[in-house]
2 protein chains.
Amino acid sequence: MTARYIQIKNAIKKQILSNTWQVGEKIPSERELAVTHGVTRVTLQKAMHMLEQEGFIERIHGKGMFVTRAIEDDVFMLNDGTSDSVQGFSREFREQAKVSSRLVCHQLLPADKTVARQLEINEGEPVHFIRRVRLIDDEPVLVEDSWINRGVIPVIPSRILEEGSLYEYIEHTTGKKIKFYSSVIEGDLFGEELAALLSIQPGRPMLKVSGVTKLEDGTAFNYSFSYNRADKFKIKNNWVGK
Amino acid sequence: MTARYIQIKNAIKKQILSNTWQVGEKIPSERELAVTHGVTRVTLQKAMHMLEQEGFIERIHGKGMFVTRAIEDDVFMLNDGTSDSVQGFSREFREQAKVSSRLVCHQLLPADKTVARQLEINEGEPVHFIRRVRLIDDEPVLVEDSWINRGVIPVIPSRILEEGSLYEYIEHTTGKKIKFYSSVIEGDLFGEELAALLSIQPGRPMLKVSGVTKLEDGTAFNYSFSYNRADKFKIKNNWVGK
DNA sequence: TAGTGGTCTAGACCACCTG
DNA sequence: AGGTGGTCTAGACCACTAG
């Protein structure tokens with residue numbers, strides 16, 4: 001029961017990725033595509049606005065819609081919210097490379113003030129605290145600390161934390177999709193403790209990303225900090241006006 | 001001739017900021033607000049989706065719309081694309097603090113391969129190269145290098161670079177709004193040269209933001225790198241699913 | 001069941017760009 | 001003038017949440 005505009009968006013994205021049109025080339029007009037896909041212009045526009053937001057096309061008033069030049073790169077791009085879902089680390093990268101995790105710590109802790117505020121629970125309520133080192137092609141690239149709402153997900157099998165995708169597990173056990181992700185990006189230097197976990201020198205640059213993830217019913221279930229090696233990650237951001 | 005949904009979005013944002021409702025409180029339903037503002041639900045929804053994207057409300061299927069808790073902070077938040085326009089440094093911060101610029105360099109240079117590709121012009125065409133140190137409350141906080149398309153904006157008065165807003169000047173002289181901003185965020189360390197310009201020690205952490213800015217007709221006019229003191233800036237990002 | 005947001009239709013008119 | 005995207009209407013039905 002996927003929405004029609006999502007289907008259309010994905011269909012056209014697929015066409016773009018399979019080089020149906022050249023980069024910079026004009027694609028058919030809204031009116032044409034609406035007929036092709038058997039929907040009204042409004043529905044088609046929703047699909048195209050998403051494609052623009054995701055950086056696949058450029059829409060220019062009075063001119064038409066054009067394929068954006070592809071951007072390839074040597075480092076990993078963190079999800080910036082231009083995908084149609086929040087993937088989480090495992091799902092994000094497992095098709096590009098070998099990803100794995102090393103579980104450093106997993107315990108129940110009472111939520112401190114900050115964690116409680118972010119997860120919208122009471123201070124002192126027990127939450128999962130999880131620290132993992134994430135590896136890409138067997139090289140440690142980031143440390144992630146997560147505080148997870150025990151009310152949403154009472155038990156987390158170690159197997160999931162070491163091998164699987166936590167987000168996938170949560171979507172599966174709750175039966176709800178992930179709907180919202182708010183994050184703050186900061187720059188910092190690696191200190192002794194985190195550097196040791198990644199086998200790098202202290203003082204190397206870090207991209208720190210902290211954020212809260214919510215389910216579609218508005219429940220906050222994950223508050224996390226990830227400490228990324230700045231030489232391994234970039235974050236891309238598209239902004240489209242009005 | 002502002003669009004109705006933009007007006008409504010701003011009106012409701014203003015109501016939220018003036019505490020018409022408590023944080024977490026339910027605001028009137030789409031159907032109610034549509035009547036109040038004299039538009040159909042579709043138009044009102046466009047306004048509310050923007051407010052959600054900008055982080056002011058949360059929309060929950062079957063429940064309603066709720067005011068999001070305010071987020072205040074001690075450092076400056078760089079524009080992440082949740083505002084309704086790209087402001088540029090001057091317009092972004094001049095209402096929160098005293099902003100100023102120190103012009104380090106302004107000359108015409110032939111575009112190298114990278115600059116030419118980003119500005120969608122031919123290699124070797126002359127472009128403005130501008131290096132400025134930006135200050136907040138008289139403290140230098142970032143260095144910005146800009147390459148500006150001379151075809152779009154032939155002359156840039158020094159006065160604008162030292163005192164005014166370049167984006168404001170460009171919107172004014174071209175008569176076009178800024179429509180698109182694509183950026184990449186990286187972490188790095190300050191080297192000797194940039195550190196000296198900011199009067200800080202080399203080796204301090206930096207948030208590097210590079211990007212291209214376009215006008216509403218699709219013309220790329222600015223390719224820039226900004227080197228931000230990581231202790232002074234954060235970047236906030238909201239992602240809302242589907 | 002009643003109320004909420006999510007999606008979709010079949011039109012219409014406006015604003016912008018090009019020949 | 002003709003084609004393009006941008007906005008808007010007045011409905012309709014669906015999916016989710018609550019009491």
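Sequence lines set the chain letters: A, B, ... in the order given, protein chains first and strands last, and positions in each chain run from 1.
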Tell me what [X] touches on the nucleic acid: a base, only sugar-phosphate, or nothing, going by heavy atoms under 4.0 Å.
X	result
A:V39	sugar-phosphate
A:M65	sugar-phosphate
A:E216	nothing
B:G218	nothing

With a 4.0 Å limit, can you tell me whether [X] has a side-chain N or O closer than that to the phosphate oxygens OP1/OP2 of [N]?
X	N	value
B:K63	C:dG5	no
B:Y5	D:dC8	no
B:S29	C:dT4	yes
B:T40	D:dG11	no

When you compare the ring of A:H61 with the six-membered ring of D:dG6's base, are the centres less than 5.5 Å apart and the planes under 30° from each other?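 The base of D:dG6 is not stacked with A:H61 (the test needs centres under 5.5 Å and planes under 30°).
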For DNA chain D, which ranges pair as stems of 3 or more consecutive Watson-Crick or G-U pairs, with both donor-acceptor distances under 3.5 Å?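 Stem list for DNA chain D: C:1-18 with D:1-18.
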So which of residues 19-27 of chain A are in contact with DNA chain C, with a heavy-atom cut-off of under 4.0 Å?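 Heavy-atom contacts with DNA chain C come from no residue of residues 19-27 of chain A; none.
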Could you tell me if the side chain of B:R131 sits less than 4.5 Å from the side chain of B:E144, heavy atoms only?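 Counting from C-beta outward, B:E144 and B:R131 never come under 4.5 Å.
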On the side chain of A:R31, is there an atom forming a donor-acceptor pair with the base of D:dG5 - under 3.5 Å, no angle test?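 Counting by modelled atom types and ignoring angles, a donor-acceptor contact under 3.5 Å is found here.
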On the side chain of B:R41, is there an atom forming a donor-acceptor pair with the base of C:dG6 - under 3.5 Å, no angle test?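 Under the 3.5 Å cut-off, the side chain and the base do form a donor-acceptor pair.
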Centroid separation B:F225 to B:Y223 less than 6.0 Å: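 B:F225 vs B:Y223: aromatic centres under 6.0 Å.
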A:V42 or A:G62, whichever maps to the more 5' nucleotide of DNA chain D: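 Nearer the 5' end of the strand: A:G62.
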